[in-house]
Trainee: 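The structure follows.
Computed from heavy atoms alone, side chains included, the values below leave out hydrogens, waters and symmetry copies.
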Amino acid sequence: MKRSLQRQLSLMLGSVIVIAGLVAAIASFALGYSEAKEFQDDMLRQIASLNASAGVASWLPEGSPQSSPKIKLNDPESRITIIHLPRDERPDWLAADLRSGFRTVRAGTERLRVFILDGASGKRTVVMQPTEARDEVAVNSALHTLIPLLLLIPVLTVLIVRVVRRELAPITRLSRGLDEQPADHPQAIAADGLPEEITPFVHAINRLLERVNHLLGQQRRFVADAAHELRSPLTALSVQIQNLAHAGSLDAVGERVRPLQAGIERARQLTEQLLNLARTQAGSNGQTEVDVSLLARELIADLLPFAEDKGIDLGLDEITPLRIRGAPEAFRLIIRNALENALKYTPEGGEVTLRLRSGDQCTTIEVVDNGPGIPALERERVFDSFYRIPGNGSEGSGLGLTIAREAATRLGGTVSLHARHEGSGLLFRYRQGRPPE
């Protein structure tokens with residue numbers, strides 16, 4: 001089950017509000033209870049002071065005899081009792097040597113809060129109240145302070161849910177807008193009116209959409225170019241087959257079969273290059289340790305017959321065996337396409353050398369030839385699909401370097417073309433890692 005951000009935020013904020021409310025309620029109750037107790041103590045003190053100074057009669061209920069030893073106030077809830085010593089009889093539970101002030105004593109099964117006030121000439125005024133009555137009044141007073149807070153907690157919880165839902169509404173609108181985008185030409189999302197925290201996410205989506213549009217444009221151009229490139233050899237094959245049907249002798253058939261075979265081979269190579277490019281673009285990033293030295297020897301062995309037919313010296317230059325993590329097929333495509341291009345454009349009797357170099361932070365694979373080279377202005381354009389340098393008479397597909405760059409990108413490396421340091425020729429370089437400074 002996927003986690004809901006709105007539900008999670010509402011739950012977390014609501015929990016914080018409830019916990020904070022409960023803590024505040026407990027603190028408010030404790031403070032209210034303590035204040036009520038202090039207020040009751042102050043009331044006992046004031047009653048004792050007023051009774052000692054003003055006399056007993058003013059505190060008696062109407063119709064009560066003034067000779068009563070115990071005086072109770074006319075309040076059934078407070079249950080306050082006043083005793084004057086030594087005139088009134090001292091209760092058994094009241095010790096004679098008690099000092100003035102507050103204390104809590106037990107009178108039989110009842111607990112009393114007692115305040116003793118020493119007056120002039122040894123007179124003492126004792127004011128007492130059962131703790132049960134005091135606690136009841138204190139609890140009721142403290143509970144009254146909780147009512148607003150307890151009512152506020154559910155109100156705050158509802159408000160939090162509504163606020164979270166309203167603040168997350170732009171995300172819902174954003175997702176709805178993305179769903180309505182056309183798949184073949186997505187447009188950038190407007191960031192106006194969005195929260196500041198979502199804006200970087202929207203900018204990232206817009207950059208991604210820009211890259212997607214760029215890739216879609218490349219794919220459209222690639223499909224159009226591929227259709228054009230395939231149409232030419234297929235048209236030529238159709239014409240050659242028609243010519244073959246009109247051949248009048250076996251010799252004529254033989255002469256017309258050879259161009260047909262060459263056309264079929266060119267179409268096969270073009271199809272294979274297209275499939276290699278498609279596999280490279282859709283390939284996974286699975287990593288394994290690749291023995292590049294062994295792979296280089298296998299490719300040189302495969303291409304050696306072609307090099308010998310042209311009298312080209314094809315060799316390998318390495319200092320130590322090279323092993324690197326990556327996709328074996330990607331390394332194979334990079335090295336093979338670089339070697340095939342070098343052998344194709346190097347004149348008879350020339351040289352093609354494959355160099356392998358490895359450092360602490362950088363791996364370099366180079367193919368060096370002494371052919372005519374490529375003008376500086378054309379070295380970047382030759383990586384475009386189906387691009388051929390005008391006037392070089394090449395019959396290639398124009399996909400070799402495109403495939404090499406795509407494979408290098410999948411490996412996290414780069415490919416580039418450079419002029420040879422000594423004499424004419426071209427240097428193809430694949431580099432992975434940080435080059436030495």
Side-chain angles (χ1 to χ4, degrees), residues 265 268-269 272-273 275-277 279-280 283-371 373-374 382-383 396-397 399-418 420-423 425-433 435-436:
E265 179 62 21
R268 185 196 66 79
Q269 291 178 355
E272 184 178 352
Q273 291 280 59
L275 290 175
N276 285 336
L277 180 59
R279 282 195 295 265
T280 303
S284 62
N285 292 325
Q287 300 284 309
T288 185
E289 188 167 323
V290 182
D291 189 343
V292 180
S293 298
L294 178 61
L295 179 62
R297 287 180 172 83
E298 292 175 354
L299 291 174
I300 288 176
D302 291 342
L303 298 173
L304 191 59
F306 179 77
E308 290 178 345
D309 288 343
K310 292 184 66 175
I312 296 176
D313 182 10
L314 176 60
L316 174 65
D317 179 11
E318 66 172 344
I319 299 175
T320 58
L322 176 60
R323 302 179 69 90
I324 187 173
R325 290 192 62 81
E329 188 60 29
F331 281 111
R332 181 181 296 275
L333 288 173
I334 293 172
I335 299 174
R336 185 178 188 90
N337 281 288
L339 287 174
E340 286 180 347
N341 274 350
L343 292 173
K344 184 185 300 182
Y345 295 106
T346 299
E348 295 184 2
E351 295 181 357
V352 175
T353 304
L354 174 60
R355 297 176 182 170
L356 305 179
R357 298 288 185 269
S358 178
D360 294 336
Q361 297 180 335
C362 180
T363 298
T364 304
I365 300 174
E366 295 179 340
V367 176
V368 186
D369 64 64
N370 60 350
I374 297 178
V382 293
F383 287 102
S397 63
L399 288 174
L401 291 176
T402 304
I403 294 172
R405 171 163 283 185
E406 191 69 30
T409 302
R410 296 289 175 180
L411 291 171
T414 59
V415 292
S416 56
L417 298 176
H418 308 272
R420 189 177 178 183
H421 295 302
E422 63 282 348
L426 187 70
L427 184 147
F428 171 93
R429 175 180 293 151
Y430 166 78
R431 177 169 286 163
Q432 184 173 333

Trainee: Could you tell me whether a side-chain N or O of Lys310 sits under 3.5 Å from a main-chain N or O of Gly350, the two making a donor and an acceptor?
Mentor: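 No, the answer is negative, given that no donor and acceptor are paired below the 3.5 Å cut-off.
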Trainee: Once you round to the nearest 0.5 Å, how far does CZ of Arg332 lie from CG of Asn337?
Mentor: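 Here the rounded value is 12.0 Å.
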Trainee: How close do Ala407 and Ala330 get, counting heavy atoms only, and between which atoms?
Mentor: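 Shortest heavy-atom contact: CB-O, 3.7 Å.
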Trainee: With sequence neighbours left out, write down each residue that passes side-chain contact (heavy atoms from CB on, under 4.5 Å) with Val368, or none if nothing qualifies.
Mentor: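 Listed in chain order: Arg355, Arg420, Leu427.
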Trainee: Show the nearest heavy-atom pair for residues Leu343 and Ala307, with the distance to one decimal.
Mentor: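 Smallest interatomic distance, heavy atoms only, reads CD2-CB, 3.9 Å.
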Trainee: Atom CD in Gln432, atom CD1 in Ile365: separation rounded to 0.5 Å?
Mentor: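 Between atom CD of Gln432 and atom CD1 of Ile365 there are 8.0 Å.
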Trainee: Calculate, to the nearest 0.5 Å, the distance between atoms CD and CG belonging to Glu340 and Leu401 respectively.
Mentor: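 So the CD of Glu340 and the CG of Leu401 are separated by 11.0 Å.
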Trainee: Taking all atoms of both residues into account, what is the closest heavy-atom pair of Pro347 and Gly371, and its distance?
Mentor: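 Shortest heavy-atom contact: CD-CA, 3.8 Å.
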Trainee: Let me confirm one number: the OG1-CD1 distance from Thr363 to Ile324, rounded to the nearest 0.5 Å.
Mentor: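 Thr363 OG1 to Ile324 CD1: 3.5 Å, rounded to 0.5 Å.
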Trainee: Just one of Leu303, Asp313, Thr346 clears the side chain to side chain contact (heavy atoms under 4.5 Å, CB included) bar with Val352, so which one?
Mentor: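 For Val352, the side chain to side chain contact (heavy atoms under 4.5 Å, CB included) check succeeds only for Thr346.
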Trainee: What residues form a side-chain contact (heavy atoms from CB on, under 4.5 Å) with Glu308, not counting sequence neighbours?
Mentor: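 Residues passing side-chain contact (heavy atoms from CB on, under 4.5 Å) with Glu308: Leu304.
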Trainee: Among Leu295, Asp302, Asn341, exactly one meets side chain to side chain contact (heavy atoms under 4.5 Å, CB included) together with Arg336. Which residue is that?
Mentor: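 For Arg336, the side chain to side chain contact (heavy atoms under 4.5 Å, CB included) check succeeds only for Asp302.
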Trainee: Quick one: are Ile312 and Asp369 in side-chain contact, heavy atoms under 4.5 Å?
Mentor: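 The answer is no, as the side chains (C-beta and beyond) never meet within the 4.5 Å cut-off.
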Trainee: Applying the side chain to side chain contact (heavy atoms under 4.5 Å, CB included) test to Val415, which of Arg405, Arg429, Glu406 qualifies?
Mentor: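 Per the side chain to side chain contact (heavy atoms under 4.5 Å, CB included) rule, the option paired with Val415 is Arg405, out of Arg405, Arg429, Glu406.
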Trainee: Can you tell me if Thr364 uses its side chain to pair, donor with acceptor, with the backbone of Arg431 under 3.5 Å?
Mentor: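 Here the side-chain-to-backbone pair does not exist.
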Trainee: Looking at residues at least two apart in the chain, or sitting in another chain, which of them share a side-chain contact (heavy atoms from CB on, under 4.5 Å) with Leu316?
Mentor: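 Expected list: Ala296, Arg297, Ile300, Glu318, Leu354, Leu356.
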Trainee: Just how far is it from atom CZ of Phe428 to atom CD1 of Ile334, taken to the nearest 0.5 Å?
Mentor: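 Nearest 0.5 Å value for the CZ-CD1 distance: 6.5 Å.
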Trainee: Atom CZ in Arg325, atom CG in Leu411: separation rounded to 0.5 Å?
Mentor: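 Result: 12.0 Å between the selected atoms.
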Trainee: Among Thr320, Asp317, Leu322, whose side chain to side chain contact (heavy atoms under 4.5 Å, CB included) with Arg357 holds?
Mentor: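 Looking at Thr320, Asp317, Leu322, the match for Arg357 under the side chain to side chain contact (heavy atoms under 4.5 Å, CB included) is Asp317.
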Trainee: Please step through side-chain contact (heavy atoms from CB on, under 4.5 Å) for the pair Phe383 and Leu417, ending with a clear verdict.
Mentor: CA-CA 10 Å; Phe383 287 102; Leu417 298 176; 3.9 Å; yes
